[in-house]
2 protein chains.
Amino acid sequence: MSLLFSRQCEYALQAVSYLALHPRGRLVSIRELTKRLKIPYHFLGKILQGLVQKRILISHKGHSGGFALALPPEDISFYDIIKTIDGTQFKHQCAMGFSECSSESPCAIHDQWEKSRNELYKLFSGRNLAEMANAMNKPGYRTLKL
Amino acid sequence: MSLLFSRQCEYALQAVSYLALHPRGRLVSIRELTKRLKIPYHFLGKILQGLVQKRILISHKGHSGGFALALPPEDISFYDIIKTIDGTQFKHQCAMGFSECSSESPCAIHDQWEKSRNELYKLFSGRNLAEMANAMNKPGYRTLKL
DNA sequence: TCCTAATCAGAGTATTTTATCTTATTTAAA
DNA sequence: TTTAAATAAGATAAAATACTCTGATTAGGA
């Protein structure tokens with residue numbers, strides 16, 4: 001089971017991060033992405049297709065084609081990806097699964113969870129892909145490098 | 001899609017919270033629980049069966065049977081429930097889905113996510129059901145009351 | 001021009017999760 | 001002692017998610 005996001009969404013975040021490490025406009029093939037990220041080939045194809053339709057990525061068919069960010073990395077946040085794939089439920093959902101949970105009618109852990117959730121929301125929406133890429137290029141980071 | 005935990009786990013947390021509101025040892029039927037919590041009858045039956053096998057609950061068959069906490073509510077935390085149903089992945093898992101993510105080989109958001117995750121872990125493991133029940137009995141709380 | 005390496009698109013399959021059905025068993029109360 | 005109200009347990013169904021396959025289209029390069 002995945003934790004915060006669906007598999008699809010996790011894969012999308014990974015792929016988009018990888019694209020952000022490349023110079024603007026440079027096309028990266030599904031082949032390269034799936035090899036590097038260990039994601040099933042056709043599954044990633046589908047996911048990226050979706051992001052093209054949502055105008056987050058662009059793609060070129062044919063020989064030496066591939067995918068690239070549609071916008072400058074400064075203008076894309078993780079949350080932009082998350083909401084196109086998993087929707088916006090992240091901002092509202094109760095941790096215990098109560099549908100009617102709110103500050104007027106809270107569950108036993110409503111306030112604390114809301115606090116953590118807001119911090120996470122800030123993390124995902126407040127930083128753009130350029131900042132992410134910078135962080136990944138610093139010496140300590142090793143998970144995703146060109 | 002559920003967020004932090006599986007549906008099963010959410011239902012279990014709801015049910016166990018409801019049991020904690022009752023006097024120690026008082027049996028509550030599946031019927032009452034599912035009515036009160038709007039959980040599918042047989043599905044909750046299965047879930048509670050599992051918690052009985054894990055010795056978190058006790059059950060009595062037959063007329064006026066039902067379920068109750070196996071231990072004093074002071075000795076049960078949300079995390080006790082979570083780990084029997086969803087396992088312990090919550091404590092380790094990377095938000096971006098990288099399997100090799102760690103402080104030695106972190107992803108772009110590793111540190112911040114770890115911080116939030118630890119706070120959440122404290123929330124779920126550091127408070128017991130008695131404290132939860134107290135919180136739920138205070139005036140402001142309305143989601144779950146007897 | 002023709003071949004090959006790509007994505008595109010949609011259908012199809014597999015797996016996991018969620019939910020239901022059915023029958024058996026237990027037990028308190030009438 | 002009978003009956004009704006419970007849980008136990010296994011089988012099955014439905015839905016959601018994850019993944020695969022295939023054929024079409026596109027476009028660069030030999």
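From a predicted model like this one, the values you see are computed outputs, not experimental measurements. Computation of the quantities below employed the complete heavy-atom set of this structure, encompassing side-chain atoms and omitting hydrogens, waters and symmetry-equivalent molecules. Protein chains get the first letters and strands the later ones, always in sequence-line order, with residue 1 at the start of each.
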Exercise for review: Pick base, sugar-phosphate or nothing for A:Ile30, based on heavy-atom distances below 4.0 Å to the nucleic acid.
Suggested key: sugar-phosphate
Point to revise | Euclidean distance, atom CD1 of residue B:Ile58 to atom C1' of D:dA6 [Å, nearest integer] | key: 15 Å
Study note, to complete from the structure: Sorted by position of nearest nucleotide on DNA chain D, 5' first, the leading residue of A:Ser6 and A:His60 is A:Ser6
Exercise for review: Check the angle between the aromatic planes of B:Phe5 and B:Phe90 and answer parallel, tilted or perpendicular using the 30° and 60° thresholds.
Suggested key: tilted
Exercise for review: Could you check how far CD of A:Gln89 sits from C1' of D:dT17, rounded to whole Å?
Suggested key: 14 Å
Check your understanding: What is the distance from CG of A:Leu27 to P of D:dG28, rounded to the nearest Å?
Key -> 11 Å
Exercise for review: Please check the phosphate of D:dA8 (OP1 and OP2 only) for any side-chain N or O of B:Ser59 closer than 4.0 Å.
Suggested key: yes
Revision key, fill the gap. Picking from C:dT20, C:dT4, C:dT7, the nucleotide nearest the side-chain atoms of A:Lys61 would be C:dT7
Review point. Quick one: B:Leu44 CG to D:dA6 P, roughly how many Å, whole number?
Key: 14 Å
Review point. Which pairs pass ring-ring contact (aromatic ring centres under 6.0 Å, His included) with one or both residues in residues 38-58 of chain B, sequence neighbours excluded?
Key: B:Tyr11-B:Phe43
Exercise for review: Kindly say if A:Tyr11 contacts the phosphate of D:dC19, meaning a side-chain N or O under 4.0 Å from OP1 or OP2.
Suggested key: yes
Check your understanding: With a non-hydrogen cut-off below 4.0 angstrom, is A:Tyr41 in contact with a base, only sugar-phosphate, or nothing?
Key -> base
Exercise for review: Using only heavy-atom distances, decide whether a donor-acceptor pair under 3.5 angstrom links the side-chain of A:Lys46 to the base of C:dG10.
Suggested key: yes
Exercise for review: Report yes or no: do A:Ser77 and A:Asn128 form a side-chain donor-acceptor pair below 3.5 Å?
Suggested key: no
List the atom pairs, donor and acceptor, that lie under 3.5 Å between side-chain atoms in residues 61-73 of chain B and the rest of the protein, sequence neighbours left out.
none

Exercise for review: Report yes if at least one side-chain N or O of B:Gln53 is closer than 4.0 Å to OP1 or OP2 of D:dA9; otherwise report no.
Suggested key: yes
Review point. Contact class for A:Gly45 vs. all strands (heavy atom < 4.0 Å): base, sugar-phosphate, or nothing?
Key: nothing
Practice item. Starting from the 5' end of DNA chain C, give me the residue, A:Gly62 or A:Gln49, whose nearest nucleotide shows up first. Key: A:Gly62
Review point. From the list C:dT18, D:dT20, C:dT27, which nucleotide is the closest neighbour of the side chain of A:His42?
Key: D:dT20
